[in-house]
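The structure appears below as structure tokens.
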Amino acid sequence: MSQLSDYISQMLTTEYEMQECLKKTEQSVIEIYKNRKNEKKLVKICSTNRNDHIYRTLRGRIHPNTATVYDVSSEEDGVIVLEKFIEGELLTDKLKNGPLEEARAVSYVLDLCCALSFLHGLNVIHRDIKPSNVIINEEDRAVLIDYSSSRELSYTSDGDTIKLGTPGYAAPEQYGVYQSVPATDIYALGVLFNVLLLGMNPIIKTPKGKLGKIIKRCTSSQISQRYQNIGELEKELKRYKKFHR
């Protein structure tokens, strides 16, 4: 056990109490802790997926649409991460009653564009955008969480070292010989957008009109046919929102 992990363990034992275990698998354990004095919560993640450098890149960087990383400790058998706890509701739960109204769906996707603009600016590709990795906070804004599948953008390798992603949301290149790029996240965001609007994958059906065209471009099987950066998509959605209030 490193000095940092020892410090984290002592701090959580003396100042916090464990509230809930959100996930427990062979690969990871995710727990919520609450401060005994001010009742503020944080998330502790223990993962065997060695994403240490990604968490270190994000440590201390604050953005309203991403989960803030407080601390990172590298251990022999994995990594320990402390993150800010986000009060709200998983997007998965919001979708239990069916698709969302168009204005709200567009708003959430624009929030996620902001999140990806921040991450891509740090050369971080999220690689696992899906409803269960999005929290709608108390201000009704979308916050992107879970960096366990993220990787650093590299222009020197041909493909991703580890094939990660969620079937139905993962872009084709995540399972082939090409590496993940910003357009990889745009693909997943396009799938999520379609799910928000219609409750189904765009392979089955897309909306009519301009939003359908946007989603089809996001989810093209060919990287070159997608929006090449998140700013292009954000600009298109803002233009659409302006004329469809």
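Position 1 is the first residue of the sequence; numbering continues from there. Small disclaimer: the values here were computed from a predicted structure and weren't measured.
Side-chain contact between L95 and L100 is present, with heavy atoms from C-beta onward closer than 4.5 Å. Considering only heavy atoms from C-beta on, M200 comes within 4.5 Å of N194 through its side chain. Side-chain atoms of K34 and F85, non-hydrogen and from C-beta on, never get closer than 4.5 Å to each other. L233 is not listed as a side-chain neighbour of L116, based on a closest heavy-atom distance of 4.5 Å or more. A heavy-atom distance below 4.5 Å is found between the side chains of L58 and L122. Y147 has its side chain within reach of E83: a pair of non-hydrogen atoms, C-beta onward, lies under 4.5 Å apart. Using a 4.5 Å heavy-atom threshold, the side chains of R151 and S180 count as touching. Under the 4.5 Å side-chain criterion, counting only non-hydrogen atoms from C-beta, L90 is not in contact with P131.
What you find for K24 and V29 is that their closest heavy atoms are CG-CG2, 4.0 Å. Residues R50 and S74 approach most closely at NH2-CB, 3.7 Å, considering heavy atoms. Closest of all the heavy-atom pairs between K44 and L12 is CD-CD1, 3.6 Å. The nearest pair of heavy atoms linking Y55 to S148 is OH-N, 3.7 Å. In terms of heavy atoms, T206 sits closest to L198 at C-CD1, 3.5 Å. When all heavy atoms of N65 and A115 are compared, the closest pair comes out as O-CB, 3.3 Å.
Here R104 pairs with D140 under the salt bridge (charged side-chain N to carboxylate O under 4.0 Å, His left out) rule; sequence neighbours left out. Partners of K94 by salt bridge (charged side-chain N to carboxylate O under 4.0 Å, His left out), not counting sequence neighbours, listed by chain and number: E89. A search for side-chain contact (heavy atoms from CB on, under 4.5 Å) contacts involving R59 returns R56, V69, D71, V72, not counting sequence neighbours. M18 meets the side-chain contact (heavy atoms from CB on, under 4.5 Å) test with E31, Y33; sequence neighbours excluded. Applying the ring pair (Phe, Tyr, Trp, His ring centres under 6.0 Å) test to H120 and every residue at least two apart in sequence or in another chain returns nothing.
Note that CZ of F118 and NE2 of H63 are 6.5 Å apart. Values are rounded to the nearest 0.5 Å. Interatomic distance, I135 CD1 to T92 OG1, rounded to the nearest 0.5 Å: 10.0 Å. Separation of atoms CG (L110) and CZ (F193) is listed at 8.0 Å; rounding is to 0.5 Å. Rounded to the nearest 0.5 angstrom, E173 CD and Y187 OH are separated by 8.5 Å. Taking OG of S9 as the start and CG of L4 as the end, the distance is 11.0 Å to the nearest 0.5 Å. Atom OG1 of T66 sits about 11.0 Å away from atom CG of L112, to the nearest 0.5 Å.
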Checking side-chain contact (heavy atoms from CB on, under 4.5 Å) for the pair D111/C114: CA distance, chi angles, key distance, verdict? CA-CA 5 Å; D111 287 340; C114 290; 5.6 Å; no
Report the C-alpha distance between R36 and E17 in whole Å, list the side-chain angles of each, state the deciding distance to 0.1 Å, and finish with yes or no for side-chain contact (heavy atoms from CB on, under 4.5 Å). CA-CA 7 Å; R36 290 188 172 92; E17 59 182 26; 3.9 Å; yes
Under the side-chain contact (heavy atoms from CB on, under 4.5 Å) rule, what do L82 and M11 come out as? Steps first, then yes or no, please. CA-CA 11 Å; L82 296 184; M11 180 192 70; 3.7 Å; yes
Test salt bridge (charged side-chain N to carboxylate O under 4.0 Å, His left out) on E232 and K235 and set out the steps. CA-CA 5 Å; E232 291 181 7; K235 184 177 180 180; over 6 Å; no
Determine, step by step, whether E236 and Y227 satisfy the side-chain contact (heavy atoms from CB on, under 4.5 Å) criterion, reporting the C-alpha distance in whole Å, the side-chain angles of both residues, the deciding distance to 0.1 Å, and the verdict. CA-CA 10 Å; E236 192 96 63; Y227 297 97; 3.3 Å; yes
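In this model, a donor atom of one side chain and an acceptor atom of the other lie less than 3.5 Å apart for E102 and Y240. Judged purely by distance below 3.5 Å, without hydrogens or angles, the side chains of Q174 and T184 never pair a donor atom with an acceptor atom. Of the N and O atoms on the side chains of S47 and N49, not one donor lies less than 3.5 Å from an acceptor on the other residue.
Hydrophobic clustering of Ile, Leu, Val, Met, Phe, Trp and Tyr side chains at less than 4.5 Å, counting indirect connections, keeps V143 apart from L237. Hydrophobic clustering, with ILVMFWY side chains joined whenever heavy atoms are under 4.5 angstrom apart, groups I45 together with L22. Linking Ile, Leu, Val, Met, Phe, Trp and Tyr whenever their side-chain heavy atoms come within less than 4.5 Å puts I186 and V195 in one cluster. Placement of L211 and I204 within a single hydrophobic cluster is found when ILVMFWY residues are connected by side-chain heavy-atom separations under 4.5 Å, directly or transitively. The hydrophobic clustering, which links ILVMFWY residues whose side-chain heavy atoms are closer than 4.5 Å, places Y108 and L197 together.
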Name each donor-acceptor pair under 3.5 Å that joins a side chain in residues 212-223 to protein atoms two or more places apart or in another chain, with its distance.
from : atom 1 : to   : atom 2 : distance (Å)
T219 : OG1    : I215 : O      : 2.8
S220 : OG     : Q222 : N      : 3.2
S220 : OG     : Q222 : O      : 3.3

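Checking I125, T57, L144 one by one against L119, the side-chain contact (heavy atoms from CB on, under 4.5 Å) holds for a single residue, L144.
Without hydrogens or angle criteria, N133 side chain to D146 main chain gives no donor-acceptor distance under 3.5 Å.
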